[in-house]
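Every value quoted in this text rests on a predicted model; they were computed, and no experiment measured them.
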Amino acid sequence: MIKKRPLNLKLVLSIFFFFLCSWISLAFAQNKTIPVNVGLVLDDLDSGDGKIWLSCIKMALSDFYASHANYKTRLVLNTRDSKKSVVDAAAAGVDLIEKVKVKAILGPGTSMQAGFLINLGDQVHVPIISFSATSPSLNSVHSSYFFQFAQNDSSQVKAISSIVKAFGWRQVVPVYVDNEFGEGVIPFLTDALQEVDARVPYRSAISLSATDGQILEELYKLMTMQTRVFIVHMRTDLSSRLFAKAREIGMMTEGYVWLTTNGIPNELRSLNSSVISSMQGVLGIQTYVPQTVKLEEFMPRWKRQFQQDNPTIIGAQLQVFGLWAYDSAFALAMAVEEVGTPSFEVSQYGRKLSHALSSMRFKGIAGDFSLVDGQLQSSTFQIVNVNGGGTRVVRFWTPENGLMNTLNSTNTSFSSTSNKGNLAPIMWPGDSLTAPKGWQIPANGKKLRIGVPVKVGFTEFVKITKHPSTNAIYVTGFTIDVFKAAVKVLPYPLPYEFIPFAKPDGTSAGTYSDLCYQVYLGNYDAVVGDTTIRADRSLYVDFTMPYTECGVAMAVPIIDVRSKNAWVFLKPLTWELWLTTSCVFILIGFVMWVLEHRINEDFRGTPSHQVGTSIWFSFSTMVFAQRERVVSNLARFVMIIWVFVVLILTQSYTASLTSLLTVQQLQPTVTDIKDLLRKGENVGYLTDAYVYDILKQVGFDDTKLKGFKTMEEIDEALSKGSANGGIAAVVDETPNMKLFVAKFCSKYTMIGPIFETAGFAFVFPKRSPLLPDVSQAVLNVTEGEAILNIENKWFKKGENCEDNPTQKLSNNSLGLDSFWGLFLISGVASILSLIIFVASFLYRHKHILKHPPDSKPLTWSKIRSMFEIFNERDFNSRMFKSSQQRDGIAGSPDNIAGDANSPNNNWPESTSSFSSNHTDANFEFFGGQQTQSPGQASLELVPSTTDPAIIIAEMHTTPATAQDNN
């Protein structure tokens, strides 16, 4: 029997202690953390924002590791105070990198301090994370180790420009701190304003260390300008002094507009009541922070913790920079944990850490946290109005929708708008609810410096005279009076002074384009003169609405052609009207023949006689000399309308011909500039005018172009003519040519405009706030009686230029356009009558169409039969019946014979027999046979007898079928 051995007690104990030690070792290993040194460079750690930001960062790390206790890494803060100094901030960064070997640096507090640290971090591969440096200039370094966890200032310029556009402000002056923070946003702001057609005429840079006197000096300079819209970009330490001084000198009153970037509204709650009181009416851009449950829970907790850590600081307010500091520390802790143990080289660790930070995404207490190219993507703003003791939200703005009424949970608008009418009520400076127009003429400012051209000729537009004893300058003329009339219409006073654009000797200092360019250079505030709106000039200046006619015209001599035209009797009507009238006369003659020749002896006879009679009848209606009777009602209907047409036509012809023969006929020697070019004629133009360039473009050679300055010189050259060294025409602006023709009306006339231009206008700088009001005033002047009075004052006609009823410039012949309606009515009446006649004729002889008279081809036989009947007399008509009864034609041969001498018979009596005089009744159009319709007597082409009585008797015999005797 085998005896069992007891278990070895030592072995059991060894196994137990092994597992116990392993469990304890594992537990110790899990609780072991790896410290990671990070630097923290802040401003003013003894008080103020530095302490607030530090407390937020500490709470962020505490909250992060409390919710992630199993993470191995732990950030160790190494804090340095930059003492608001760029040098101290740089020294702190060097110390943290070289001595402490930090893996990343949070801070520094300002954009100026961040510049050096960004370059340093890029060289040693240490990420620099800033939550308070907002200048866009920091991105110019293009460092992959710099992260801007704050809203970039350039992201808000679109919101500002949207407000400027909504209120239609045309000029804006930025007022900014003179350092990297202030200057960094100006290029972006200027570009955004230009996109909404707003101009920046001046930039006001104020030093951070400026005294109150220096601030006042700059504000007084702003008061002398027309612009009343100011955009303030600076921190609250300088802006509080600026607004206090602005209120002191009256710049926070009605009419002024103060906009601020988010640097001021974001910190507004930390300012005392006196500073807020001086900012009443300010409109500002404020960073939008969504009100989440996480934020609402954090705010009171932070306030308790901050009060415990800093019992001497009372009433501290947490701003958005503190929230960004919290999210920055949170993001850095997540990135460090993602990278893991910093056991490899610094450069390799820095690259891994930078990559982890770039891809970081989470919901922070300041909103969604995400980076694009190292910049925080958070561009939603709210527009706030400083009113009372705080601010009031009047609008929201997002890049996708612009200005909006409200936001929902996804930061999109329920309703959006881009105009001021939908903005919530805003309390403007001076407790005004009316939106300021954005500019005004300062009472203590300078007068408008208005440049005027110096002219030698055509001084009716602008004339400059100098008093011989006082040397005072007097400027008069048509354009001057128009400008003065426009200024009177303005709803505000506009002080100005005229400054001649002249050299010291009094002559012109350049061309009109040179004068306009002086406005661009700022030497003049405007130009008043006969200045044409040109595309090349509009590149650097703006024009008001034109106050004269547009276009380039041509003045040419006129000649009397009344006694030199032997064919003047043809001129009353155009060739189109002559041709149309002739065709209608022929049409009426044809219609009358068709309607009358079967029943009216006046329209019968040989074919040539019938044609002649028809044409004679039609044309004789011109003088109402027709002798032929009209017996058909259809023909009478046509004649009633035709006589009315002829009456109007003849009366119009008579009136026009009388005018041509009795009134002097003045016609221009040339009507087309291309004729001048083709004939090689000389052409004149006004010197210092752009018309020379136009003529060159048309194709004129320099040798054919002659420049002039005065109207007298032009008159002399035109009188000579091109063949004698003068000119054949002069080309210039329509107002100049009108003035010239008005003075020499008996010798010249104006042709054109031959080229299109925009007319004369006043010149102002680009986007001048005065431009809309002056343009409106010009329209008011030109649409009323004022412009007529001014024209009558300056554009007086010369001697012998009163309206003369015996003279007429050119004579337009009567054209078809004046009579086509009458011709249309007459033509419709004629065609309608023909249709009725043909329909009636076909209906009366429809048996011919059903039963052809012979065996020839059916269609041809019908047509021939119908035409033969159409050519015959219609003895069934009332005309022939009444004639027979009246003349006794049924039984008296004498009467038959006497019919040839009837007064209604208008063709000559032939010496042949009676039968030959009446063979027209049986005249054949188609061959030698005649076909009679049923009910008519059979009548042979060659009568069997010459006795008229027998012939008449045969015509009244019993109807029988006609036979062909041939």
**OP:** Taking the side chain as every heavy atom from C-beta outward, state whether Leu96 and Leu40 have any atom pair closer than 4.5 Å.
**Re:**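 Leu96 does not reach Leu40 side chain to side chain.
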Original post:
Between Arg80 and Asp95, is any pair of side-chain heavy atoms under 4.5 Å apart?
Top reply: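 Side chain of Arg80 against side chain of Asp95, heavy atoms only: contact under 4.5 Å found.
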Within this structure, what is the [atom1]-[atom2] distance for the pair [X] and [Y], rounded to the nearest 0.5 Å?
| X | Y | atom1 | atom2 | answer |
| --- | --- | --- | --- | --- |
| Leu403 | Phe381 | CG | CZ | 12.5 Å |
| Ile52 | Phe321 | CD1 | CZ | 12.0 Å |
| Gln375 | Gln151 | CD | CD | 11.0 Å |
| Leu138 | Ser143 | CG | OG | 11.0 Å |
| Tyr202 | Phe230 | OH | CZ | 10.5 Å |
| Gln148 | Ser135 | CD | OG | 8.0 Å |

Original post:
Checking ring-ring contact (aromatic ring centres under 6.0 Å, His included) against Trp428, which of Trp258, Tyr256, Phe167 comes through?
Top reply: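 The residue from Trp258, Tyr256, Phe167 that satisfies ring-ring contact (aromatic ring centres under 6.0 Å, His included) with Trp428 turns out to be Phe167.
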Subject >> Qualifying residue for side-chain contact (heavy atoms from CB on, under 4.5 Å) with Val282, from Ile264, Thr260, Leu268, Asn387 >> reply: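 That would be Thr260.
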Cation-pi, [Y] ring and [X] (6.0 angstrom, 45 degrees):
| X | Y | result |
| --- | --- | --- |
| Arg235 | Phe181 | yes |
| Lys294 | Tyr326 | no |
| Lys103 | Tyr349 | yes |

**OP:** Indicate whether the side chain of Asn179 and that of Glu183 have a donor and an acceptor atom separated by less than 3.5 Å.
**Re:**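 No, because no side-chain N or O of Asn179 sits under 3.5 Å from a partner of the opposite role on Glu183.
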**OP:** Answer with yes or no whether the side chains of Trp397 and Ser162 bring together a donor and an acceptor at under 3.5 Å.
**Re:**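 Yes, Trp397 and Ser162 have a side-chain donor paired with an acceptor closer than 3.5 Å.
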Original post:
Gly121 and Ile128: which non-hydrogen atoms are nearest, and at how many Å?
Top reply: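 That would be CA-CG1, 4.1 Å.
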**OP:** Provide the closest heavy-atom pair for Leu61 versus Ala333 in the form atom of the first, atom of the second, distance.
**Re:**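 Leu61 and Ala333 have their closest heavy atoms at CD2-CB, 4.1 Å.
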**OP:** Indicate yes or no: does Lys83 engage Asp43 in a salt bridge with an N to O separation below 4.0 Å.
**Re:**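 A salt bridge is absent here (no side-chain N lies under 4.0 Å from a carboxylate O).
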Original post:
Does Tyr288 have its ring centroid less than 6.0 Å away from the ring centroid of Phe396?
Top reply: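 Between Phe396 and Tyr288, which both carry aromatic rings, the centre distance is below 6.0 Å.
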